[in-house]
Peer 1: 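Right, I'll just put the structure down here and ask away after.
Throughout, a chain's letter reflects where its sequence line sits, starting with A, and its residues are numbered from 1. No experiment lies behind these values; they were computed from the predicted model shown.
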Amino acid sequence: MSLGPVVMPLSCTNPDCTLPEGGVCARVTEFRDPMAACADLARLDPIALPSTEPDDIDLLVQQMTAGQDDRDALGSTGEPSGQAAPWAGRHLGARASDRLLWCSPARVLAVLGPRNAGKTSYLASLFLQLANGQCQTLPYRFAGSRTLHGTHEILDKIRAWDLAGQETDTDDDKGTRVQEIVAHTPKHSGFIHFLHLCLRPRNRHDNRAIDVLLSDVAGEWFSDHTSQRDDDMHAFFARCDGFLVMADVALLQDKRTSRRHDAEIARMIRRALADRERAPERACSLALVFGKYDLIVRSVLPPAVEDRHTRDRWGVLGERCPKIWAALEAARQVMPVSVCPVTSFPQRPTRGQPVGVDRPLAFVLKHADARARWPVRVPPVPDRASSFEAMRRWPPVESTASTERKRA
Amino acid sequence: MSGLSVEKRLTLLGGPSSGKSTYLGALIDALEDDALSNLALSIDVPVDSRAWEHLTEPILEGQYPQRTQAGRRLDIDVPLQLSPRRPVDAPPVAFSLRVSDYDGEDVERLFRDRTRGWTDEWRARAHADGVLLFLRPPAIRQLPRPLASDIEMTEAERWRHLAGLSSSSSLPSSPPSGHNTRTGPETFFKPGLVADEIPAPPPARPDDPVRIPTVLALIELLQFIRHVRELAPGERSPRGRLRIAILLAAWDAADAGWQQRGAAAYIGESLPLLADFLWSNFHDADVYCFGVSATGGDLHDEHYRARFQERAEGATGYVTWTDSVGAIHTQRDLSIPLRWALFGDTALAAAIDTDE
């Protein structure tokens, strides 16, 4: 069975492949012509599948491009061998996420930011904190994930980076650290990929399971989106239940790059606001994340939580980001906003903990998962009520006479 | 003898070198010796001696079984009869126990390669009545530094520490592994009022290492099994329908502090992701943690090996668990986790009754 033609623009399921970006196929040593022979590239003319079709595109592609033994097992009908796992587990594609949104009240959270802002590192660090039971501010516990395979690949890279650092016993410079941690998220075409977390509230009386879809999108897509109209992106923003906007404090602190990065982040915030106004009935919130904060923490200590909305408390970040603060002020008019300093990997994992990783997610989930309680009506205290009667009706309420006077 | 004959199935899950084969071999050896309380082989049903010999022969030689060969699967049918303690005149319950041993690498392989490997055998294992989940503490614990004490730091304090405005010397020193200085009701009352729930890990200090979880493959496999049973993520199955017995193998080699605190405490602090997953997806009553030493000691130790082969006093396998009031029980009955997985807490109550 020959491989079908590749889908344009190119899309590859191998995270190490840079061919879609004009680079080199990750399996270049195996094929003379990757475009014709590489099975990882997405291709046209899918095989008709039986009812047990896989949940996401990754597995579909894998089944379509099975090895020779599997092709023989498939037979002339081209049907898969039936030994495929229930899901591929790298990302949730359009079909799987759509199915999840249909059958459960999943929360869609957009993780926005330009290239190298640290989105994937943040998600990896967040998962590690969850895995180590260190998400103290998050009122949820891990209940599962359909993307453990993808998470595992990222953690493998972190482990390799950690081991390499242990051998040399040095702390390398921060500039190359991010590239060493995780591979750059390739720009997939056509649809957004999600990382999936299923969470269960810690409250034993709350018997829900909450699916959280965290968008894992290449930074270039947001850059493209800010200059092009994209119906898919508009629809995605309108559907989101929360935004985590990642800003790189290293770029903001540097006078040569601060203006451009300030404008870039501010445009993202305003674009998310504009699309959100198309769906005002859905509760939404925004967390601005000052990522890589360990790079400036010695000069700008983060303010207290209650002061983080005040621009003056942020030192150089308040001075060099006028557009961001203006965009936040506009956002604050329509949704709750929080500003969070975060350092995902201040040093290698064996040397210390991240800081502030769980707070942005806790903030947006608090609003995405907000539920209105039935209003409690406290009966008024009658006139000449004894102190005991008044105490029974705590919290204090106005007496009946005073209430009637006010109505009059 | 008369009794109801049913088929009970158990699934063994565990990665490579997690102790599945050693446990099975020791268990079958004990069954053949009729050394287990209330549980015995049915005498009127023939057994597959070839499969049994494969597992028990190394044990009889005083050695650990070799790692199960890649791709090799061993399905074992064990005809058993369980004699209930109460009422005393109750007839024994006969049942056939089916377990399958396989190469632990299968779990890793299935995690990596999603296009094949999820065979009908695995789907059949998903419909088991109980799961024995094997973990090996010496293989899990990757980082030498122990977890921190229970002193909680605010986020502001952590930022100050990162900025170098507070030093590591000002932080309280870490206690030895397995010793938690956290105060709770057990400090003033008995050791642990309720041992149903796996305890949460203490908050980490800024200098503590971030541990990278090694149980993702097992969690994924449990998710596959739940998927076959049509359970959504976060949906708890009806009580008693599927029990998970966590067996920490080679418990005799675990740190003394952990042995004093129990297997559940180890799981809670060393494998919080797995603990959270089990809490979210199973009822408390359907998950239990056991510390298991199939051979009672290290067979690589010549002195102990000699005592093991001589069946010396105290040189046999044992199981430990923490009961509902926090007391740790130890019994030389390797079938206790198996009986709990099939019959629930009544098996533990019966085991405690026989405790000396």
Side-chain angles (χ1 to χ4, degrees), chain A residues 58-59 62-63 66-67 70 80-89 103-104 125 128-134 136 141-146 148-149 151-152 155 158-159 162 198-200 207-211 293-294 297-298 301-302 304-305 341 343 346 349-356 359, chain B residues 110-120 122 142-143 145 147 152 154-156 158-165 200-213 215-217 219-220 222-224 226-228 232-236 268-269 271-277 279-281:
Chain A
D58 281 349
L59 196 51
Q62 287 179 4
Q63 287 193 341
D70 287 325
S81 62
Q83 292 192 355
W87 54 81
C103 63
S104 88
S125 185
L128 282 175
Q129 290 299 95
L130 197 61
N132 282 270
Q134 297 300 319
Q136 312 293 344
R141 295 177 75 168
F142 176 78
S145 171
R146 290 290 182 93
L148 277 182
H149 190 195
T151 305
H152 184 261
L155 296 184
I158 294 173
R159 187 181 287 117
D162 192 25
C198 183
L199 303 173
R200 177 179 270 276
N207 198 28
R208 298 175 301 139
I210 299 162
D211 290 298
Y293 205 87
D294 55 295
V297 68
R298 289 176 188 270
L301 208 60
V305 174
T343 172
T350 43
R351 289 176 177 260
Q353 298 277 323
V355 186
R359 193 172 286 276
Chain B
L110 180 60
F111 186 66
R112 287 193 302 267
D113 184 2
R114 303 302 176 98
T115 58
R116 53 193 163 198
W118 187 240
T119 59
D120 291 337
W122 275 111
Q142 295 178 322
L143 302 170
R145 285 186 59 183
L147 270 185
E152 294 199 28
T154 63
E155 186 182 316
R158 291 179 184 273
W159 283 117
R160 290 180 62 83
H161 181 267
L162 191 63
L165 298 178
R205 297 188 314 164
D207 294 339
D208 284 335
V210 177
R211 290 180 304 177
I212 298 171
V215 290
L216 295 188
I219 291 175
E220 185 79 310
L222 286 170
Q223 292 190 124
F224 286 171
R226 288 172 51 83
H227 180 79
V228 169
E235 178 186 355
R236 290 173 172 149
E269 293 196 19
L271 301 170
L273 189 69
L274 179 64
D276 279 355
F277 176 80
W279 180 88
S280 299
N281 292 281

Peer 1: Going by side-chain contact (heavy atoms from CB on, under 4.5 Å), name the residues that satisfy it together with B:A232, two or more places apart in sequence or in a different chain.
Peer 2: B:E235
Peer 1: Testing the basics here: between B:G234 and A:A209, what is the closest heavy-atom pair and its distance to 0.1 Å?
Peer 2: CA-CB, 3.7 Å
Peer 1: Got a second to check how far B:L162's CG is from A:R298's CZ, nearest 0.5 Å?
Peer 2: 7.5 Å
Peer 1: So does B:D207 get a backbone contact from the side chain of A:Q353, meaning a donor-acceptor N/O pair under 3.5 Å?
Peer 2: no
Peer 1: Parallel under 30°, tilted from 30 to 60°, perpendicular over 60°: which one fits the rings of B:F111 and A:H152?
Peer 2: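 Ring orientation of B:F111 relative to A:H152: perpendicular.
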Peer 1: Heavy atoms only, distances under 4.5 angstrom: which of A:N207, A:I210, A:N132 has the most pairs with chain B? Name it, please.
Peer 2: A:N132
Peer 1: Could you check which of A:S125, A:P302, A:P354, A:G133 has the highest count of heavy-atom pairs closer than 4.5 Å to chain B?
Peer 2: A:P302
Peer 1: Above 12 or not: heavy atoms from other molecules or residues under 6.0 Å from CZ of A:R208?
Peer 2: yes
Peer 1: So, do B:W279 and A:F142 sit near enough that their side-chain heavy atoms are less than 4.5 Å apart?
Peer 2: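 No, their side chains stay 4.5 Å or more apart.
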Peer 1: Between B:P203 and A:Q134, is any pair of side-chain heavy atoms under 4.5 Å apart?
Peer 2: yes
Peer 1: I'd like to check the side-chain contact (heavy atoms from CB on, under 4.5 Å) partners of A:A131; sequence neighbours left out, ordered by chain and number.
Peer 2: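 A:A131 satisfies side-chain contact (heavy atoms from CB on, under 4.5 Å) with A:F127, B:P213, B:L273 only.
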Peer 1: To check you understand the geometry: which heavy-atom pair defines the closest contact between A:A143 and B:S280, and what is its length?
Peer 2: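 So the two residues come closest at CB-CB, 3.4 Å.
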Peer 1: Any heavy-atom pair between the side chains of A:V355 and B:H161 that's under 4.5 Å?
Peer 2: no
Peer 1: Atom CD of B:E220 and atom OG1 of A:T151: how far apart are they, to the nearest 0.5 Å?
Peer 2: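 One gets 9.5 Å once the value is rounded to the nearest 0.5 Å.
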Peer 1: Can you tell which of B:L216, B:L274, B:N281 has the highest number of heavy-atom pairs within less than 4.5 Å of chain A?
Peer 2: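 Ranked by contacts with chain A, first place is B:L216.
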Peer 1: If only atom types and distance count, is the side chain of B:E155 paired as donor or acceptor with the main-chain N or O of A:G356 below 3.5 Å?
Peer 2: no
Peer 1: Quick check: do A:R146 and B:H227 have side-chain heavy atoms less than 4.5 Å from each other?
Peer 2: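 Yes - at least one pair of side-chain heavy atoms lies under 4.5 Å apart.
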Peer 1: Checking heavy atoms, do the side chain of A:L130, its backbone, both or neither come under 4.5 Å from chain B?
Peer 2: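 For A:L130, backbone heavy atoms alone lie under 4.5 Å from chain B.
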